[in-house]
Amino acid sequence: MASSRIIGSIVAAIAIAGSVAAFAVTWRPAIAAIEPPAPTSFDAALVKRGRELAATGNCNDCHTVRGGQAFAGGLPVPTPFGTIYSSNITPDAETGIGRWPEAAFRRAMRDGVDRDGRHLYPTFPYDHFTNVTDDDDRALYAYLMTRQPVYAPARANQLSFPLDQRVVIAGWKLLFLRHGTYQPDNTKSAEWNRGAYLVEGLAHCGACHTPRNALGAERASAQFAGGDVDNWHAYAINGQSPSPVPWDADALFAYLRDGWHPDHGVARGPMAQVVSNLSSIPQSDVRAIATYMAGQFGAPAPDRKRRGDEVLAQVKSPAPPAAGSNAAGAAIYAAACATCHETGRALPYGGVNLGLSTAFSSPDARNAANIVLSGVRPIEGERSPIMPGFAASMSDQQIATLLNYLRARFSNQPAWTGLEKTIVDARTTQTVFLQTSPGPHNAPADPAQRDKP
């Protein structure tokens with residue numbers, strides 16, 4: 001009897017301790033609401049700085065639906081676990097962050113907890129934003145609190161049990177949320193450290209360009225090794241890059257600043273909105289990002305450099321295509337593609353020589369399928385690249401025939417597998433993407449357009 005009571009007491013103590021620990025892990029207090037501050041209460045210079053930081057973080061891309069008002073949320077973010085909708089971050093008092101004090105905003109950025117104490121899903125990349133400084137959080141807060149308030153109630157996430165219970169996210173944070181992961185490296189230059197701070201923090205490059213594990217967290221051992229976003233493949237941006245020509249700091253700077261580079265082509269898909277935003281931030285920050293990322297790519301090995309030089313030489317002095325078995329693909333290319341891609345007209349308004357396109361040297365065919373199906377839409381009222389999409393004029397079989405031809409002619413890689421399914425999936429997801437994305441996904445090519453407010 002005595003031993004049973006002792007065992008029962010121990011079990012009860014463990015259960016109570018477990019409950020207390022679980023409560024401590026999951027519970028976060030609400031932060032008292034405030035009256036929405038007047039926009040004029042924020043320093044203009046601070047707001048301007050916040051605007052640049054918001055562009056660095058690509059905030060408008062995730063928090064704006066196509067045809068909707070800026071930062072009002074509602075953009076569907078597909079994940080392997082279901083669809084999560086972005087939140088309204090305008091200063092609307094009822095449905096936005098209008099009643100959030102700065103402390104609540106900082107807690108959301110750093111800890112992934114909203115003003116009411118609810119855990120936020122990590123589609124909001126607070127695992128990166130936790131590295132943002134107090135001063136930069138303050139500037140972001142000032143910028144967002146001076147935007148136009150928009151009444152836009154949150155859409156219900158489409159998640160199954162138990163993932164629809166936000167307390168589950170507390171466990172995810174215990175496993176994967178680490179504070180202070182960015183630390184300056186005193187052996188590197190100030191520019192490199194600035195780039196590291198931006199890339200690992202607000203720019204959250206790894207959120208797209210790093211593969212994720214079964215629980216949706218970035219795989220730290222495979223940083224920048226390539227990821228997935230909106231049925232596009234975010235290329236590896238390290239030594240595993242499939243780019244035909246190796247990247248260096250100057251090429252990265254031009255690409256991120258202008259949205260294109262003659263040896264790498266034009267930004268497209270989700271990356272195009274990123275570079276469109278980066279075109280409005282200080283050049284020094286873009287240069288810092290390029291410097292840091294060039295270190296992630298590393299200097300190319302001699303064989304890699306030689307292959308890149310050979311590609312550039314072939315582009316400058318193209319040889320007639322060798323006769324092959326894919327006559328149908330060659331005919332489609334001649335009719336639909338060559339008139340732009342073989343004219344020699346300079347980028348960004350001419351078509352890139354496809355031997356330089358990472359889309360056709362990549363192990364993943366999704367980007368090539370997406371760009372052929374959807375093309376590159378022009379930016380209204382601006383000079384910008386344009387390419388027609390062929391979703392309406394070509395069958396899936398014709399698209400596959402063309403892509404197989406392009407892969408064989410313009411890369412030295414083996415044929416893609418599962419191409420037909422890739423094309424079917426691309427047709428479906430691109431319809432949703434074009435309906436919900438905030439705007440044309442290609443960057444302003446005209447330098448006069450870069451610094452528009």
Side-chain angles (χ1 to χ4, degrees), residues 23-60 62-63 70-73 84-154 166-174 176-183 197-198 200-204 207:
F23 180 77
V25 167
T26 60
W27 181 79
R28 294 294 183 273
I31 295 177
I34 61 171
E35 286 300 312
T40 54
S41 65
F42 295 97
D43 178 72
L46 188 67
V47 172
K48 179 180 182 296
R49 178 63 183 143
R51 172 188 173 278
E52 294 168 352
L53 292 168
T56 302
N58 206 38
C59 303
N60 61 327
C62 286
H63 290 275
F71 303 112
I84 298 170
Y85 292 90
S86 64
S87 57
N88 180 352
I89 55 172
T90 74
D92 180 69
E94 294 184 53
T95 64
I97 62 171
R99 295 189 180 277
W100 286 35
E102 185 182 325
F105 179 80
R106 184 177 297 111
R107 183 172 72 171
M109 291 284 288
R110 196 153 293 169
D111 299 323
V113 178
D114 72 5
R115 189 190 65 78
D116 292 324
R118 297 180 304 171
H119 292 278
L120 300 172
Y121 288 100
T123 46
F124 177 63
Y126 47 79
D127 52 336
H128 287 272
F129 295 164
T130 189
N131 293 318
V132 177
T133 65
D134 288 351
D135 286 345
D136 282 353
D137 277 340
R138 183 172 299 112
L140 272 170
Y141 177 75
Y143 173 70
L144 293 173
M145 295 298 278
T146 53
R147 300 307 89 201
Q148 180 66 36
V150 179
Y151 180 82
R166 290 180 182 263
V167 294
V168 173
I169 303 304
W172 187 93
K173 291 178 181 178
L174 276 178
F176 303 115
L177 179 59
R178 298 291 180 267
H179 298 286
T181 54
Y182 165 73
Q183 296 294 332
Y197 166 73
L198 293 172
E200 305 295 348
L202 201 53
H204 62 285

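The figures here come from the full heavy-atom set of this structure, side chains too, leaving out hydrogens, waters and symmetry mates. We number each residue from 1, following the sequence as shown. This is a predicted model, so every value here is computed, not measured.
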Inset, instruction - Could you list the residues that satisfy side-chain hydrogen bond (donor to acceptor under 3.5 Å, both in side chains) with N131, not counting sequence neighbours? - result: T181
Legend entry - Closest approach of A139 to L53 (non-hydrogen atoms, all atoms of both residues): CB-CD1, 3.8 Å
Legend entry - Residue pair A72 / A152: nearest heavy atoms and the distance that separates them: O-CB, 3.6 Å
Donor-acceptor contacts under 3.5 Å from residues 35-46 side chains, at least two apart:
unit_1, atom_1, unit_2, atom_2, d
E35, OE2, R99, NH1, 3.1
S41, OG, A38, O, 2.5
D43, OD2, A45, N, 3.1
D43, OD2, L46, N, 3.1

Inset, instruction - Starting from the C-alpha separation in whole Å, work towards a yes-or-no answer on side chain to side chain contact (heavy atoms under 4.5 Å, CB included) for L202 and D136. - result: CA-CA 9 Å; L202 201 53; D136 282 353; 5.8 Å; no
Legend entry - Value rounded to 0.5 Å, distance of OG1 in T133 from CZ in R138: 8.5 Å
Legend entry - R110 side chain to V132 backbone, donor-acceptor under 3.5 Å: yes
Inset, instruction - Please report the closest heavy-atom contact between I169 and P122, naming both atoms and the distance. - result: CD1-CD, 4.1 Å
Legend entry - Where at least one partner belongs to residues 142-154, residue pairs that pass side chain to side chain donor-acceptor pair (under 3.5 Å), sequence neighbours excluded: none
Legend entry - Atom of H119, atom of V113 and distance for their closest heavy-atom approach: ND1-CG2, 4.0 Å
Legend entry - N/O donor-acceptor pair under 3.5 Å between N88 side chain and V150 backbone: yes
Inset, instruction - State the CZ-CG distance between F71 and D92, to the nearest 0.5 angstrom. - result: 15.0 Å
Legend entry - Listed partners of A104 passing side-chain contact (heavy atoms from CB on, under 4.5 Å), at least two apart: I31, W100, P101, R115
Inset, instruction - For the pair K173 (side chain) and G112 (backbone), establish whether a donor and an acceptor sit closer than 3.5 Å, ignoring hydrogens and angles. - result: yes
Inset, instruction - Before accepting this row, confirm whether a basic side-chain N of the pair R28/D111 lies closer than 4.0 Å to the acidic partner's carboxylate O. - result: no
Inset, instruction - Indicate yes or no for a side-chain donor-acceptor contact from S86 to the backbone of C62 under 3.5 Å, with no hydrogens or angles considered. - result: yes
Legend entry - Heavy-atom check, side chain of M109 versus side chain of R106, under 4.5 Å: no
Inset, instruction - To the nearest 0.5 angstrom, please state how far the OG1 atom of T90 sits from the CD1 atom of I97. - result: 7.5 Å
Inset, instruction - Begin with the C-alpha distance, continue with both residues' side-chain angles, and end with the deciding distance and a verdict on side chain to side chain contact (heavy atoms under 4.5 Å, CB included) for I84 and F124. - result: CA-CA 10 Å; I84 298 170; F124 177 63; over 6 Å; no
Inset, instruction - Classify the angle between the aromatic ring planes of H128 and H204 as parallel (below 30°), tilted (30 to 60°) or perpendicular (above 60°). - result: tilted
Inset, instruction - Keeping the roles fixed (side chain from H63, backbone from A70), state whether a donor-acceptor pair exists under 3.5 Å. - result: no
Legend entry - Partner residues of R118 under the side-chain hydrogen bond (donor to acceptor under 3.5 Å, both in side chains) criterion, sequence neighbours left out: D114
Legend entry - Charged N-O contact under 4.0 Å between R107 and D137: no
Legend entry - Residues forming a ring-ring contact (aromatic ring centres under 6.0 Å, His included) with Y85, sequence neighbours excluded: none
